[in-house]
Chemist: 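Below is the structure I would like to discuss, written out as C-alpha cells.
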2 protein chains.
Amino acid sequence: MQKSQDVLVLLRQIIRATELHDKQLSRVTGLTMPQLMSMQVLHMQGPMTVGALANQMNLTQATVTSILDRLEKKQLTTRVRSQEDKRKVLVYPTGEGLALLKSAPATLQDRLINAFEEMQEWEQSMIVASLERISSLLGADSIDAAPMLDVGPLDRS
Amino acid sequence: MQKSQDVLVLLRQIIRATELHDKQLSRVTGLTMPQLMSMQVLHMQGPMTVGALANQMNLTQATVTSILDRLEKKQLTTRVRSQEDKRKVLVYPTGEGLALLKSAPATLQDRLINAFEEMQEWEQSMIVASLERISSLLGADSIDAAPMLDVGPLDRS
DNA sequence: GACAATTACTTTGCAAACCTATGTATAAAA
DNA sequence: TTTTATACATAGGTTTGCAAAGTAATTGTC
C-alpha cells in the first residue's frame, strides 16, 4: 500500500524539519539545545525547582544541574534557595535570559500558525482530525506535550 | 484560535512519542541513538562511504568516525577501503549487526501501518492530504526523508 | 526530642556525542 | 611535477547524560 509509505515519509519529513529548525535556532542564540530548552521551559511555565525542570525535560537532576551551571555562567538564569523549604532551589530566568529569547527570529510554529489561520474552516478541521487520529494510534495522546512545537522563542504566554 | 493550538500540541505529542520510542529501542538494543541511527541508515540504504553516512545524518565526518569506531568495536560494522579510490572507505553492516536490527521488537511504525491499513479509504486520503499540507507549510517537503519514521528495525526493504 | 527515612540538590567520575582544526594519504589539475 | 582538492583519521575541546555518593533539610515514628 503506497499510502502507508506516504504517511511514514511525511511524518519523517515533518519531524526532520523541526529538528533542523531547532538546530538553526540553537546556532542563532549561541545556546546548545538542552540549554535553549531549559530557557524555554522556564519562560513558558515560570520559575520552578531544579527537580521540576528535570522532570519537564525527562533528564536526571544531575544533568540539569550541570546545564544550569553553564546557563548561570552566561548570566541567563539564577538559582535561589527556597525559604519555606531550604532543600528546594528555584530557578529563575534573568532579564538577560528573557531578552535573548525575544531576540530570536520567528519560529517554525509562527509560520505554521499564520498559514493555518488562513485556511478554510473545513481544512482546519480535517487537519486537526487527522493529527488526532495519528496521535492516538501512536499512543501519543496520553503525553503531556509542552505547548510548543519546538524550542522556539515566543511571547505567547 | 483554539484549533491552531491544537495543531501545535498534537504535533508535539506525535514527535514526543517517536522520541520516547527511539529511546526505548535504544535501551533494548544496547546501542546509543546515533549508533542505532547509523546502523539503520546502512541497513536501509546499503553500504556507503563515511562521508555519505555523515551527510545522511547531518553530522561531521569526525563525529561519524568516532561512532564507527565504537560500532566496529562491537563488531556491528566493518570498514573496507575502496580499491578504485583508495581515499574512500566503505562502511558495511556485519551479519551480526543486521541480526541485531532484526531481533528488535515491533516498531511504532509497524503499529501505525497496521492501524492505517485498517482504515477506510477516505480516512487514509484525508490523513495523507493533511500531512502533505503541514509538511509543505513547514517547508519540509523538500527534505529527503529516509524511509522510516524512527530508527526502528524493519525488513521492509 | 531523638533518630531513621525521605527528599532535594550537588559533586564526582565516566562514556559518548559533538565540534573545529589539523594531519595523512590519494587523486586530479595545472 | 608541483599544486590543489578530496576522503578519512586524529587531536583536543566542550557539552550532554548517567549512576553513585555526598550534603543538607524535612518528615515520620517511637
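Just so it is clear: chains get the letters A, B, ... in the order the sequence lines come, proteins before strands, and each one is counted from 1.
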Chemist: Determine which pairs satisfy salt bridge (Lys or Arg N to Asp or Glu O under 4.0 Å) with at least one residue from residues 121-136 of chain B, sequence neighbours left out, and list them in order.
Modeler: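 Listed once each, the pairs are A/K3-B/E121, A/E123-B/R133, A/R133-B/E123.
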
Chemist: Can you name the residues that form a salt bridge (Lys or Arg N to Asp or Glu O under 4.0 Å) with B/E117, not counting sequence neighbours?
Modeler: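 Counting only residues at least two positions away or on another chain, B/E117 forms no salt bridge (Lys or Arg N to Asp or Glu O under 4.0 Å).
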
Chemist: Enumerate all atom pairs, one protein N or O and one N or O from nucleotides 11-16 of chain D, separated by less than 3.5 Å.
Modeler:
residue: D/dT16; atom: OP1; partner: A/T32; partner atom: OG1; Å: 2.2
residue: D/dT16; atom: OP2; partner: A/R70; partner atom: NH1; Å: 2.3

Chemist: What range of DNA chain C does chain B touch, first nucleotide to last, counting atoms under 4.0 Å from its heavy atoms?
Modeler: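 Contact span on the strand: C/dA16 to C/dA27.
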
Chemist: In terms of hydrophobic clusters joined by side-chain contacts under 4.5 Å, are B/L31 and B/M57 together?
Modeler: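 Yes; tracing contacts between hydrophobic side chains, which count when under 4.5 Å, links both residues.
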
Chemist: Any donor and acceptor pair, going by atom type alone, linking the side chain of B/T94 with main-chain N or O of B/Q75 inside 3.5 Å?
Modeler: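 Flag set: sc B/T94 to bb B/Q75 pair under 3.5 Å.
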
Chemist: Where is the tightest heavy-atom contact between B/H43 and B/L98, given as atom of each residue plus distance?
Modeler: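 In this case the closest contact between B/H43 and B/L98 is CD2-CD2, 3.7 Å.
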
Chemist: Which pairs count as salt bridge (Lys or Arg N to Asp or Glu O under 4.0 Å) when at least one residue sits in residues 50-71 of chain A, sequence neighbours excluded?
Modeler: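 Pairs touching residues 50-71 of chain A that pass the test: A/D69-A/R79.
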
Chemist: CG of B/L53 to OG of B/S38: how many Å apart, nearest 0.5 Å?
Modeler: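 That separation rounds to 5.0 Å.
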
Chemist: Taking A/L131's backbone N and O only, do any of them form a donor-acceptor pair with A/S135's side chain (distance below 3.5 Å, no angle check)?
Modeler: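 Not at all, since once roles are kept as given, no pair shorter than 3.5 Å links the two residues.
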
Chemist: Might you list the N or O atoms of the protein lying below 3.5 Å from N or O atoms in nucleotides 6-8 of chain D, with each pair's distance?
Modeler:
residue: D/dT6; atom: O4'; partner: B/R87; partner atom: NH1; Å: 3.4
residue: D/dT6; atom: O2; partner: B/R87; partner atom: NH1; Å: 3.1
residue: D/dC8; atom: OP1; partner: B/V50; partner atom: N; Å: 3.3
residue: D/dC8; atom: OP1; partner: B/V89; partner atom: N; Å: 3.1
residue: D/dC8; atom: OP1; partner: B/V89; partner atom: O; Å: 3.3
residue: D/dC8; atom: OP2; partner: B/G51; partner atom: N; Å: 2.9

Chemist: For A/L8 versus B/L112, what's the shortest heavy-atom pair and its separation?
Modeler: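 Smallest heavy-atom distance, with atoms named: CD2-CD2, 3.9 Å.
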
Chemist: Compare every heavy atom of A/V91 with every heavy atom of A/T49, then report the nearest pair and how far apart it is.
Modeler: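 Of all heavy-atom pairs spanning A/T49 and A/V91, the closest is C-CG2, 4.5 Å.
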
